[in-house]
Amino acid sequence: MCGIVGYVGEKLGLPIVIDCLTRLEYRGYDSSGVAYVDNEDLVVKKQLGKLNNLSSNLKNKIIPASCAIGHTRWATHGEPSIQNAHPQQDENKLLALVHNGIIENFNNHKQKLIGKGVKFTSQTDTEVIAQLLGRELQKVLNTGDNYSQNKMHSTMHSTSSLTKKQVLRAIHNVINSLDGAFAFAVVVKGMDDCIFFAKFKSPLILGKGIDENFLSSDATAILPYTNKIYSLMDGEFGYIDKKKIEVFNSSFKPVKVKFESLQIEPEQIMLGDYQHFMHKEIEQGAESVINTLDRLSSELQNLPNGIFLNDFNLHIVACGTALHAGRVGKYIIENQLRIPVNVDYASEFRYKNPILDNKSVCLFISQSGETADTLSSLELAKQKGAVTIAITNVPASRIEKIADYCIHTSAGPEIAVASTKAYLAQLAALYAFAEHIAKLRGIEISFSIKKIKTEVMRFSKFTYRDKLGDIVKDIKEQESVYFVGRGLDYILALESALKLKEISYIHCEAFPLGELKHGSLALINRESVVIAILTQKDLIEKTLNGIHELNSRGAKIILFSPFEELKDNVYKFIKTPLVDDCLSPFVVIKPLQILAYLTSLSKGLDPDKPRNLAKSVTVE
Ligand code: F6R
């Protein structure tokens with residue numbers, strides 16, 4: 001969480017940094033800030049709330065700085081406020097620093113520094129890094145540098161005599177004393193030609209341009225400027241200036257940096273004709289399934305396939321929407337292959353002392369590849385000797401680096417906080433995984449990859465907008481909306497409820513339909529709106545029973561189903577595509593995603609940036 005960016009080059013740095021931050025806002029939008037070096041001056045500007053507040057404040061001001069850093073925040077330590085916004089500074093204002101991550105031992109450091117008389121101005125863990133680094137630099141300025149060959153001037157206030165090497169030494173000392181996760185960028189007063197950085201556990205990439213260089217939490221932020229990317233490894237630190245990039249490892253040895261060209265077209269990260277990324281990404285669902293299915297077969301071949309021929313224990317671990325994809329995966333693998341699968345929330349898995357050994361295969365699903373709980377669970381599974389496989393949408397992400405094997409989804413960059421096309425790509429990867437094991441074991445299954453592709457293409461042009469407007473009116477003023485279904489439809493209900501609640505702020509809850517009468521039916525009255533999903537032919541009768549029970553309590557039932565003949569049983573009916581039962585997750589979710597999107601719009605909310613959330617959840 002939190003996005004950081006840095007630019008150094010021949011152009012005006014600030015507009016570029018602000019532009020890059022717009023593509024990092026998915027990482028948090030509680031506040032934002034920038035810092036730049038203007039000749040001898042180090043200038044910091046911050047604003048509360050979304051980036052717009054900062055950019056409109058800076059608009060029309062021509063600031064000639066060619067070296068700038070920026071930050072967009074998702075608050076961890078300390079409420080969203082100007083004081084807690086980044087950049088953070090040391091007490092002598094020698095530097096300005098932006099950070100993504102969590103410093104676990106910050107309080108120890110903070111208490112020691114306070115004991116030495118250091119004055120803190122924020123509640124953030126980040127300020128500790130700034131203060132520690134500031135003191136290191138001040139030491140150099142006060143006493144001369146122990147490490148440098150050059151004789152230093154002793155001066156309290158000017159940093160113009162600092163060398164890059166001295167700053168790097170100081171950074172090396174500081175990062176050796178930090179526990180936790182960090183990716184930070186620093187500008188130093190008087191050094192208007194370079195940005196320093198360090199990375200451990202939180203993501204940080206460098207981008208190489210012509211007479212300009214970049215750093216960022218994620219490659220898509222800087223993609224309109226360069227696609228030459230180096231993804232820093234843990235423990236690496238260094239600096240960029242407009243011509244040069246120097247990187248060192250944790251032993252302060254130079255690292256040979258090899259830039260790779262990223263194959264993402266800039267249009268993929270632009271809104272184009274859409275008003276919101278969420279809408280664009282919902283519409284890209286079919287493409288995301290097809291691209292994933294077209295590209296992952298060699299990755300499946302590279303798995304340790306011998307293990308699948310004998311008895312093995314399969315676990316799927318993930319969070320949020322990725323977990324819902326995992327539940328569909330469990331349903332399909334158990335139903336079609338008769339192989340038992342455990343599915344766990346990553347945040348629970350790591351604390352339950354899971355039963356794992358070298359016969360265990362664990363699939364970790366994460367769009368971002370950065371989710372802290374998923375990564376910790378992955379590390380635990382490795383320690384316990386399980387075979388670990390990551391399913392991720394972000395190449396070279398942390399999850400890929402840690403897992404034994406990796407299957408990539410090809411949804412393309414997903415920018416809206418609520419996951420839509422990545423969910424479909426995760427389903428595609430799981431169905432392909434199931435089909436792969438079926439082939440290895442010679443099991444016949446009732447779907448094929450070809451059929452999935454045909455079906456998603458066949459229904460990809462359905463927009464649903466006109467049909468759903470009426471339903472939006474029914475739910476937008478509701479305090480609660482309930483979602484029900486059985487079997488696969490219950491799993492779709494879970495995902496649909498999550499989508500609606502996270503961008504409309506309406507309380508939404510999903511129930512297995514048959515469970516209602518064991519308690520939750522008490523919630524239902526004549527005002528209740530219930531969204532029912534029914535796509536499984538053999539569950540029609542049983543589902544109708546539940547629908548009648550709800551009808552008798554006066555609930556307004558809105559049924560999403562391909563079976564039009566059922567429409568007289570309910571208050572409203574939305575016809576969904578008719579496909580083989582086991583393929584329904586691919587085609588039924590779109591109208592429910594669109595419903596969430598339209599409801600958010602009707603409430604005047606920003607569906608791309610729901611309150612309190614961020615796309616990459618890098619804290620536990
Ligand atoms: C909901 C949503 C989240 C993510 C979850 C896991 O729309 O996007 O529930 O699915 O935070 O994120 P990843 O897949 O990046 O690990």
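Indexing begins at 1, ligand by ligand and atom by atom, following the structure's order.
- Among protein heavy atoms, atom 15 (O) of ligand 1 sits closest to S368 OG, 2.6 Å.
- Environment of OH in Y345: sparse, with no more than 12 heavy atoms of neighbouring residues, nucleotides or ligands closer than 6.0 Å.
- Residue contacts with ligand 1: T374 is placed with no nitrogen or oxygen under 3.5 Å of a nitrogen or oxygen of the ligand (distance criterion only).
- Of the protein's non-hydrogen atoms, T371 OG1, 2.4 Å is the one closest to atom 16 (O) of ligand 1.
- Within a 6.0 Å sphere centred on CG of D273, other residues, nucleotides and ligands contribute 12 heavy atoms or fewer.
- Ligand 1 places these atoms under 4.0 Å from at least one heavy atom of V417: 8 (O).
- Residue pairs meeting the ring pair (Phe, Tyr, Trp, His ring centres under 6.0 Å) criterion with at least one member in residues 470-490, sequence neighbours excluded: Y482-F511.
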Atom pairs and distances, side-chain donor-acceptor, residues 380-388, under 3.5 Å, sequence neighbours left out:
unit_1 : atom_1 : unit_2 : atom_2 : d
K382   : NZ     : I402   : O      : 2.7
K384   : NZ     : N353   : OD1    : 2.8
K384   : NZ     : P354   : O      : 3.4
T388   : OG1    : D404   : N      : 3.0
T388   : OG1    : D404   : OD2    : 3.0

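- For atom 11 (O) of ligand 1, the nearest protein heavy atom (residue, atom name, distance) is V617 CG2, 4.0 Å.
- Within the structure, ligand 1 lacks T392 among the residues with a heavy atom less than 4.0 angstrom away.
- Taking the six-membered ring for Trp and the full ring otherwise, Y26 and F277 have centroids separated by 6.0 Å or more.
- For the residue pair T321 and S419, no side-chain donor N or O sits within less than 3.5 Å of a side-chain acceptor on the partner.
- Taking both residues in full, the closest heavy atoms of P607 and I503 are given as O-CG2, 3.4 Å, listed atom of the first, atom of the second, then distance.
- At a 4.0 Å heavy-atom cut-off, ligand 1 does not touch E370 at all.
- When each atom of ligand 1 is checked for a heavy atom of K499 under 4.0 Å away, the hits are 1 (C), 7 (O).
- A side-chain N or O of Y230 and one of E236 form a donor-acceptor pair less than 3.5 Å apart.
- Neither the backbone nor the side chain of L323 has any atom closer than 4.0 Å to an atom of ligand 1 (non-hydrogen atoms only).
- Heavy-atom contacts of S366 reach the following atoms of ligand 1: 13 (P), 14 (O), 15 (O), 16 (O) (cutoff under 4.0 Å).
- Inclusion of E502 in the set of residues having an N or O under 3.5 Å from an N or O of ligand 1 is warranted.
- Looking only at protein heavy atoms, the nearest one to atom 5 (C) of ligand 1 is C319 O, 3.6 Å.
- For E260, the CD atom is loosely surrounded, since the number of other residues' heavy atoms within 6.0 Å does not exceed 12.
- Between the side chains of S460 and K590, no donor-acceptor pair is found at a separation under 3.5 Å.
- Nearest to atom 14 (O) of ligand 1 among the protein's heavy atoms is Q367 N, 2.7 Å.
- Atom 2 (C) of ligand 1 has T321 OG1, 3.7 Å as its closest protein atom, hydrogens excluded (heavy atom only).
- Atoms of ligand 1 lying under 4.0 Å from any heavy atom of A322, numbered from 1 in the order shown and given with element: 10 (O), 14 (O).
- Close approach of ligand 1 to A418 is summarised as follows: ligand atoms under 4.0 Å from at least one heavy atom of the residue are 7 (O).
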